[in-house]
There are 2 protein chains.
Amino acid sequence: MPKKKRQILPKEQRRQQLIEATIRCIARDGLGSITMHMVTQEAGLSLGIANLHFKTKDNLLKETLRSVAEEYHGGQIAIMEGHRTAGLADRLASLLAFQLGRGVTQRQKMAVWFAYYGEAGARPVYQKIVSASDRMAALTLESLFTDIIEEGQYKDANPAEIAMGYSALIDGLHLALLVTPREISKRQAKAIARNFLHRAFPRHI
Amino acid sequence: MPKKKRQILPKEQRRQQLIEATIRCIARDGLGSITMHMVTQEAGLSLGIANLHFKTKDNLLKETLRSVAEEYHGGQIAIMEGHRTAGLADRLASLLAFQLGRGVTQRQKMAVWFAYYGEAGARPVYQKIVSASDRMAALTLESLFTDIIEEGQYKDANPAEIAMGYSALIDGLHLALLVTPREISKRQAKAIARNFLHRAFPRHI
DNA sequence: TATGGGAATGAATGATCGTTCATTCTGAGT
DNA sequence: ACTCAGAATGAACGATCATTCATTCCCATA
């Protein structure tokens, strides 16, 4: 076994390295049984390093959640706002592909996501971190649906309600993929979500 | 302060008492930071009692999950199978009322539910406990939908897919009610679920 | 009323884990 | 080549917590 050599790297890189190790540890062992020893070992670093870059374990966990939340909601918002050139139907399809695509439905990401949701009821800090980006994503989704309803002349369609329903459905599908992967495939999950959108906006998807 | 008197009670009653205390503690402090001291104190009993009735903390947590899962899925199955006399439309409405009604949407119950889901990715034992009753409930739901599809002559409707979608939607709504209660009311959640069912079975609800 | 089986107690134990900080080591700047 | 600011290390400490078990106490039974 080659002895690993100590290396000095910029702060930002070490922070990212530790956050990624934390994600892997949460996915493998759960948020409840994670230890600093695990995380730093997973990162290939020493115990004390965590104290250097994040003051406490609690802080490391908060920053990890923030990172995952921003990645998810950021990706979502980018699709909805970024491709202003693309048509509404295309944006809808891209959104669905993103939310149930390779990047997001990795066990690792979903496990982290729900590990935090599980503690959110008891830890307002987690709620706060998520709700910041969550609210923004919800508003963007609502605005996309508003445009679609106008373009498609869908009568009696309430964009806020459809957006809440759609978001809930996606969350529920992620949960099913995480907890009972043998009962549902990604293909089925996509079909179900597409069906929901099709019933709401039949002329767009 | 009146000194509490030691009392001897049947095993089953103590077990229930401890499980209920565990549920309250999980809802208040989270599955991650629960201690035996908390639970036994919440139950108004002594530390050692937990070892007497459940061998270990781990076992107490497993039994608590089993209890919550059975209460939820059991209630669901009772509605779908119990009222064989009632019409299909009534059963559908009862199911919805139960799943988003007072009993189930208490913060306490939902918090426990998602606390375990959060750890399920890393703890196969939890998955196993839930999937036992979950699978049964899913099959019963599917069979109800099959009957409704036949009665309503809904063409091209896949009962298994609609059942998975509906279950996911309900889970997602519970999650939203737990994590962002300010963004969604129980009334809205019911409307969203009802809408989903209405689009699938317009002549039944 | 007397008594034994076993339910209930909680101080003590040992293990685990977060955090600290004296020390070592690196590499950019001179 | 030399230097030193500060990045990185990990042994040690103290706090927390699950678990144990010797002891106390209740109450059904006789």
Side-chain angles (χ1 to χ4, degrees), chain A residues 1-26 28-65 115 119 122-123 125-126, chain B residues 1-26 28-65 115 119 122-123 125-126:
Chain A
M1 186 118 84
K3 61 179 85 174
K4 51 190 166 188
K5 202 174 168 194
R6 181 192 280 196
Q7 204 179 358
I8 289 181
L9 288 174
K11 264 186 173 298
E12 201 41 53
Q13 197 167 335
R14 282 274 183 258
R15 285 177 61 93
Q16 199 52 39
Q17 193 179 353
L18 285 166
I19 285 178
E20 277 162 20
T22 305
I23 291 174
R24 287 196 298 275
C25 285
I26 292 175
R28 183 184 344 102
D29 305 306
L31 182 56
S33 60
I34 209 175
T35 71
M36 294 310 279
H37 189 83
M38 274 182 202
V39 173
T40 51
Q41 185 156 305
E42 173 74 31
L45 297 169
S46 68
L47 232 192
I49 195 96
N51 173 253
L52 191 65
H53 295 287
F54 302 86
K55 238 190 92 59
T56 62
K57 175 187 181 184
D58 212 66
N59 198 242
L60 170 61
L61 294 181
K62 279 181 348 199
E63 292 303 315
T64 302
L65 173 58
E119 293 286 297
R123 306 208 45 180
V125 199
Y126 292 166
Chain B
M1 186 119 86
K3 63 180 84 175
K4 52 190 168 185
K5 201 174 169 192
R6 179 192 279 194
Q7 206 180 357
I8 287 181
L9 288 174
K11 263 186 171 306
E12 201 42 53
Q13 197 166 333
R14 284 274 182 255
R15 285 176 62 93
Q16 199 54 38
Q17 193 179 354
L18 284 168
I19 284 178
E20 277 162 20
T22 305
I23 290 174
R24 285 195 299 275
C25 285
I26 291 174
R28 187 188 336 107
D29 305 306
L31 181 55
S33 60
I34 209 176
T35 71
M36 295 309 280
H37 188 83
M38 274 183 203
V39 173
T40 51
Q41 185 156 305
E42 173 74 31
L45 297 169
S46 69
L47 233 191
I49 194 97
N51 172 252
L52 191 64
H53 295 287
F54 301 87
K55 239 189 89 61
T56 62
K57 175 187 181 184
D58 212 66
N59 197 243
L60 170 61
L61 294 181
K62 277 178 355 196
E63 292 303 316
T64 302
L65 173 59
E119 292 286 298
R123 306 207 46 178
V125 198
Y126 292 166

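Values below: every heavy atom of this structure, side chains too, minus hydrogens, waters and symmetry copies. A note on names: the letters A, B, ... follow the listed sequences, proteins ahead of strands, and every chain is numbered from 1. This one's a predicted model, so the numbers in the text were calculated from it and none came from an experiment.
- Between A:R123 and A:L61 there is no side-chain heavy-atom pair separated by less than 4.5 Å.
- One N or O on the side chain of A:Q17 and one on the backbone of A:A43 form a donor-acceptor pair closer than 3.5 Å.
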Going 5' to 3' through nucleotides 18-28 of chain C, assign each nucleotide B (protein heavy atom under 4.0 Å from a base atom), S (under 4.0 Å only from sugar-phosphate atoms) or - (no protein heavy atom that close). SBB---BBB--
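- Under the 4.5 Å side-chain criterion, counting only non-hydrogen atoms from C-beta, B:V39 is not in contact with B:K57.
- With rounding to whole Å, A:R15 atom CZ is found 15 Å from D:dA7 atom C1'.
- Looking only at distances, no side-chain donor or acceptor of A:E119 sits under 3.5 Å from a matching main-chain atom of A:Y126.
- Rounded to whole Å, atom P of C:dG5 lies 17 Å from atom CG of B:L52.
- Here D:dC17 presents its P atom at 12 Å from CD of B:Q41, a figure rounded to the nearest Å.
- Rounded to whole Å, the distance from CG on A:L9 to P on D:dT9 is 10 Å.
- At whole-Å resolution of the value, CG in A:L18 and C1' in D:dA7 are 13 Å apart.
- Two residues are said to be in side-chain contact when any heavy atoms from C-beta on lie closer than 4.5 Å; B:L45 and B:R14 meet this criterion.
- As rounded to whole Å, 15 Å separates atom P of D:dT20 from atom CD1 of B:I49.
- An OP1 or OP2 oxygen of D:dA8 is reached within less than 4.0 angstrom by a side-chain nitrogen or oxygen of A:H53.
- Under the 4.5 Å side-chain criterion, counting only non-hydrogen atoms from C-beta, A:L60 is in contact with A:M36.
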